[in-house]
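None of these values were measured; they are calculated from a predicted model.
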Amino acid sequence: MTETPSNRVVITVLGKNRPGIVAGVTRVLSESNVDIRDITQSIIEDIFTMTLIADLSNAALDFTQLQEGLVAAGEELGVTVEMQREDVFRFMYRL
């Protein structure tokens with residue numbers, strides 16, 4: 001499958017900083033054969049934020065399954081993980 005805006009997603013992570021957050025979230029993506037196209041993270045005092053753009057073109061899981069896996073990983077890590085399609089994100093925020 002070719003990369004298109006509808007195959008790309010925006011994933012946001014927010015919570016109290018602790019070791020293993022990046023590893024836990026990216027492990028789910030790696031195990032699902034998801035390509036991370038861009039990633040940024042920031043820590044303000046003890047608040048951790050991360051935003052990823054990922055391509056699901058070759059993903060082993062569908063959108064819903066991947067979303068459920070990320071939410072479960074976030075619960076284990078004590079952070080909130082949200083994922084939405086990039087085209088929906090851009091429409092919502094008029095980027």
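Screening residues 11-20 for side chain to side chain donor-acceptor pair (under 3.5 Å) gives Lys16-Asp46 as the qualifying pairs, with residues at least two apart or on separate chains.
Alongside Ile47, the hydrophobic cluster contains Leu14 (criterion: ILVMFWY side chains under 4.5 Å).
Atom CD of Gln84 has more than 12 neighbouring heavy atoms from other residues, nucleotides or ligands inside a 6.0 Å radius.
With sequence neighbours left out, Asp38 forms a side chain to side chain donor-acceptor pair (under 3.5 Å) with no residue at all.
Between Ser42 and Ile44, the closest heavy-atom pair is OG-CG1, 3.9 Å. When every heavy atom of Ile11 is checked against every heavy atom of Ala54, the shortest pair comes out as CD1-CB, 4.4 Å. Minimum heavy-atom separation, Ala60 to Asn33: N-CB, 4.4 Å.
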Below 3.5 Å, can you tabulate the donor-acceptor pairs from side chains in residues 64-77 to any protein atom, sequence neighbours excluded?
residue: Gln65; atom: OE1; partner: Asp62; partner atom: N; Å: 2.9
residue: Gln67; atom: NE2; partner: Met83; partner atom: O; Å: 3.1

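For the atom pair OG of Ser32 and CG of Leu56, the computed distance is 9.0 Å after rounding to the nearest 0.5 Å. Between the OG1 atom in Thr40 and the CG atom in Leu52 there is a gap of 9.0 Å [rounded to 0.5 Å]. The CD1 atom of Ile39 lies 11.0 Å from the CD1 atom of Ile53; values are rounded to the nearest 0.5 Å.
Side-chain N or O atoms of Ser30 include none that pairs as donor or acceptor with a backbone N or O of Thr26 at under 3.5 Å.
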